[in-house]
Structures are given as structure tokens and as C-alpha cells.
Amino acid sequence: MYNEIDLDKIDITLGPPAKEPARQYYFIARCREWVRDFEQRNGRVPNSCVTTFGCQMNARDSEKLEGVLKQAGFAAEPDERKADFVIFNTCTVRENANQRLYGRLGQLGRSRKRNPDMKIALCGCMMQEAGVLEKLKKSYSFVSLVFGTHNIYKFPELLSACLDSDRMVIDVWEDTDQIVEDIPSERKFSFKSGVNIMTGCNNFCIYCIVPYVRGRERSRRPEDILREIKSLAADGVVEVMLLGQNVNSYGKTLEDPITFAQLLTEIERIDGLERIRFMTSHPKDLSDELIQVMGSSQKICRHLHLPVQSGSTRILERMNRRYTKEQYLELTEKIRRAVPDISLTTDIIVGFPGETEEDFQETLDIVRRVRYDTVFTFQYSKRSGTPAAVMDGQVAPEVVKDRFDRLLSEVQSISAEVCSVHTGSVQEVLVESVNDHDPSLLTGRMSNNLLVHFPGDASLIGKLYSVRLKECRGFYYLGEGGQIIS
Ligand code: 5AD
Ligand code: SF4
């Protein structure tokens with residue numbers, strides 16, 4: 001792992017090695033030299049700001065960016081306007097995400113006038129999209145570095161090139177079959193961590209840009225994943241979140257294929273690890289084997305995020321989801337039989353092209369039947385570059401808005417009822433932080449992903465603690481402390 005490599009022993013007067021990840025450590029050492037020079041010239045270390053948009057995968061990627069910057073000697077600066085190096089890790093799932101990014105970039109370009117040496121970098125999903133590079137070159141020529149999702153492991157090399165150059169450094173790959181292990185990474189929390197198990201997606205749901213910007217499915221080797229989690233557990237991590245666009249098809253493309261359920265069984269055996277979460281699951285790939293493993297596991301959390309997208313079989317077919325409303329309902333019943341106290345959450349898109357009021361009623365129906373703990377609701381966004389953007393039957397914005405509001409009020413009243421059933425019970429929580437609004441309170445997360453605020457002091461952070469749930473406040477609880485479990 002990274003910590004065993006002594007950056008001071010790397011001779012940067014020699015050329016970079018060809019092999020990864022050694023090559024990237026060489027470039028971290030070079031960036032470190034740049035930082036020392038900066039410090040001598042300016043009497044302070046340079047600082048950096050990593051800004052993340054989008055999903056958990058991006059959040060995890062940003063931890064890798066932060067890890068590299070920290071090792072290179074940059075200090076973290078939360079305010080991007082005050083940073084010497086700013087990187088935006090972008091998302092592009094919805095059409096307006098790009099407009100927002102350009103707006104933000106324009107603002108930063110203006111504050112850059114006060115610090116003309118500020119370097120601005122862009123990476124992530126949006127950079128993989130056609131047309132974006134041209135626009136950046138034309139209208140945002142002050143940007144120093146642009147790279148995409150496939151070569152994030154090369155960040156040290158690209159950072160070094162960008163620090164040494166006045167021109168825009170660009171390295172965006174179409175696709176890759178490479179997975180480079182053991183690049184340094186920061187952890188936002190000492191006691192929990194995301195772990196990538198696969199990248200990309202092969203499903204091509206027709207509204208979704210992800211397969212185009214994240215490429216085809218690729219799984220990390222189980223031995224690499226297990227090694228990473230063992231070392232996290234040895235370092236005090238008690239909860240991991242296994243990340244992938246479609247974790248249920250983990251392992252299918254490996255030389256020695258293994259299933260996601262088998263991987264979970266191996267992870268369960270790791271000493272010191274107490275909780276396992278994962279996301280996202282595609283309903284069509286969720287196997288009986290996985291349900292059985294979840295039912296018998298001591299460590300897999302009582303929470304499953306299972307995006308349904310629509311309750312109408314007709315719309316699901318148009319979306320290329322490859323399951324029907326009935327199959328989805330059967331699946332949730334099967335899961336509830338195996339894991340009775342499981343919390344189910346989902347994603348729903350309202351106003352997909354061709355959606356009629358009857359289709360929408362089917363969505364309301366599935367929401368009432370499944371009784372989700374939380375629903376993430378999205379208005380359909382006509383994402384250019386996806387087949388759905390040119391489909392017939394685009395729904396008028398006011399109709400989409402009206403359905404969205406009706407769905408939201410339905411899911412909110414159901415969630416409030418579902419979430420409150422635990423009132424009075426004693427639950428194990430992982431204590432995550434001091435409460436933002438009231439420092440006499442701590443915030444912990446239950447196995448089913450709900451938050452609880454309760455009195456306690458910061459020494460409990462990172463511990464598993466039993467808490468009595470006194471009062472449900474819609475989507476969270478107020479509780480009173482009990483005792484440390486581990
Ligand atoms: N419009 C609206 N929502 C979308 N999602 C993905 N693509 C679109 C789109 N074009 C939603 C899906 C997915 C979540 C991450 O984002 O519900 O599960
Ligand atoms: Fe997009 Fe569908 Fe893949 Fe999810 S499963 S990332 S919605 S294509």
C-alpha cells in the first residue's frame with residue numbers, strides 16, 4: 001500500500017518509471033518539489049480545494065484527488081476562491097448540471113483575477129461528453145487541466161504537468177480496460193469509507209448518460225478489494241460502502257468470475273469490520289443468492305437502495321429496465337421475507353417520454369405498495385446524448401411538475417409513517433459527528449440508514465453505540481444515549 005512508499009527516496013532527477021502505480025508516486029514526489037519551491041517563494045504552502053458534484057462514486061474519486069494533493073504537500077482550503085489549486089469533479093446526469101458548472105466556472109474565473117496564479121482543473125463525468133472540451137477551450141481558456149473518468153489514477157502525473165505548464169493540459173480517454181490499484185486516497189471519516197468494487201455500466205437505460213461517460217462495466221479483483229478493506233479495518237474503519245453503478249453484476253467480467261454475494265461473504269469475515277453497505281443495485285440482477293446472504297449476514301446493513309424508476313411496466317420497457325412492475329414487487333416481497341426489518345429506498349423519474357396519467361398512477365401505486373423509507377424523486381431531464389432525448393412523447397413541463405408534486409407529497413407522508421415505526425426501540429448507531437446545529441448533540445446512523453441525534457460527547461465518534469429512539473421528527477430521530485457496543 002501507499003504508506004510503505006517513501007516519497008523522499010524517489011529520485012526525481014531520473015525519468016519516471018513506466019510501471020503503475022510506481023509512476024504516479026514518482027509524480028507525487030515531483031509535485032512535492034513544486035510545493036517546496038512555492039513555499040520558498042511565497043513563505044506559505046499552497047492550498048487546494050476539491051469540489052464534488054453528483055454521486056457517491058464521485059465523492060470517492062474526490063477522496064483520491066484529496067489524497068494525492070495532501071501527499072504532495074498542499075493544505076486543504078474549503079473556499080475555492082481562496083485556493084491556489086481548485087478542482088471540480090463534475091457530474092452530468094441531468095442536463096442542467098452542465099449549465100450550473102459553466103456558471104460556477106465563470107464566477108471562479110472572475111475571482112481568479114485577484115489571484116492570477118490560481119490553477120483550475122476539471123475532471124469527472126462531464127469531461128467525457130462530446131462538445132465539452134471545445135467549449136472549454138473556446139470560452140474558459142483560463143482552465144489549466146482537464147481529464148475524465150477513465151484516467152483519474154493518473155492525477156499525480158497530470159497535476160505535475162499542469163503545475164509546470166502555462167497551457168491547458170488535456171487528457172480525456174474514450175474508454176479503458178485498466179484498473180490501477182494502490183493510489184493514495186484521503187478519508188473524510190476515520191471510521192467509515194467508500195470502496196469501489198467496479199466501475200461503468202452495461203445496462204443502457206435509455207435516459208441515462210452514465211454508460212457513455214463511465215464506460216463499460218469493469219470489476220476490481222476480489223483479492224484487491226479484500227486487501228483494501230482489511231487494511232481499512234486495521235486502520236479503524238468499522239463501516240464500508242461498496243460502490244458501483246450496478247453492484248449486482250459484480251464479478252461477471254473477471255477472469256475468474258465470482259458473484260457479488262460471494263464477495264460479500266468474504267468481506268463479512270474481515271475482523272474489525274462491523275458494517276457493510278453497498279449501492280447501487282439493479283433489480284434485474286438482484287439474485288436469490290444475494291437475498292439469502294443478506295438474510296443470514298451479521299454485518300450487512302438493513303438497507304437496500306433499489307431504484308424502480310417507474311411503476312408502469314409499459315414505461316419500464318420503454319426505459320429498457322428489463323423488469324416488470326410485478327417482478328419488482330415480487331422481488332421486494334422476497335427481500336422482506338428474508339430480511340423483515342429492511343429499509344427500502346428508491347429512485348423514481350417522473351415525466352419520462354410517453355408517460356401518461358395512467359402510467360403515473362402505476363407509479364403512485366407501487367410507492368403505496370412498497371412503502372419506501374425514502375424516495376429520491378427526479379423530474380425527467382432530457383439528457384442530450386441519450387436515446388431518450390430524441391424520443392417521441394416528451395411530456396410538457398407543467399405536467400411533469402404537477403406529477404412530481406403529487407408524487408412528492410405521497411412519498412413524504414408514507415416515509416413519515418414508515419420511519420416512525422421504530423419509536424421507543426433501542427437501536428445500534430454508528431456515531432458519525434457532532435450535530436451541526438446543537439453541539440451538545442451527536443449524530444449517529446442506524447443500520448437502516450436513518451439518522452438519530454442524541455446527547456453525548458465527541459469522544460464517542462466512530463463508536464457503535466446503543467440509543468433509545470425517543471421521538472421521530474419525520475426523517476430522523478431524537479434519542480437518548482445508552483452504552484458503547486464496540
Ligand atoms: N432524468 C432524470 N433523472 C435521471 N436519472 C438518471 N438519468 C436521468 C435523467 N435523464 C436518475 C435515475 C437514477 C438517478 C441516479 O438519477 O433515477 O437512478
Ligand atoms: Fe444509468 Fe441504468 Fe446504468 Fe443506473 S443502471 S447507471 S440508470 S444505465
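These figures come from a predicted structure and were not determined experimentally. For ligands, and for the atoms within them, numbers begin at 1 and follow the listed sequence.
- In summary, the atoms of ligand 1 found under 4.0 Å from a heavy atom of Arg94, numbered by their order in the structure, are 3 (N), 4 (C), 5 (N), 11 (C), 16 (O).
- For the pair Ile206/Arg318, no side-chain contact is recorded, criterion being any heavy-atom separation below 4.5 Å from C-beta on.
- Residue Val93 approaches ligand 1 through these ligand atoms, each under 4.0 Å from one of its heavy atoms: 5 (N), 6 (C), 7 (N), 16 (O).
- For the pair Lys382 and ligand 1, no heavy-atom separation below 4.0 Å is found.
- For Glu471 and Arg473, the salt-bridge test passes: some basic side-chain N is under 4.0 Å from an acidic carboxylate O.
- Two rings, from Phe378 and Phe404, have their centers 6.0 Å or more apart.
- Side-chain N/O atoms of His282 and Ser249 include no donor and acceptor closer than 3.5 Å.
- Side-chain contact, Glu355 with Ser310: no donor N or O sits under 3.5 Å from an acceptor N or O.
- A cation-pi arrangement is absent between Lys154 and Phe147 under the rule of less than 6.0 angstrom and at most 45 degrees off the ring axis.
- When each atom of ligand 1 is checked for a heavy atom of Gln309 under 4.0 Å away, the hits are 12 (C), 13 (C), 17 (O), 18 (O).
- Atoms of ligand 1 lying under 4.0 Å from any heavy atom of Ser381, numbered from 1 in the order shown and given with element: 1 (N), 2 (C), 9 (C), 10 (N).
- Of the N or O atoms in Arg383, none lie within a sub-3.5 Å distance of an N or O in ligand 1.
- Each of the atoms 3 (N), 4 (C), 5 (N), 12 (C), 17 (O) of ligand 1 lies under 4.0 Å from some heavy atom of Ile349.
- Heavy-atom proximity to Gln379, at under 4.0 Å, picks out these atoms of ligand 1: 2 (C).
- When the shell of 6.0 Å around CZ of Arg336 is examined, it contains more than 12 heavy atoms from other residues, nucleotides or ligands.
- Contact annotation: for Phe378 versus ligand 1, heavy atoms closer than 4.0 Å belong to the side chain alone.
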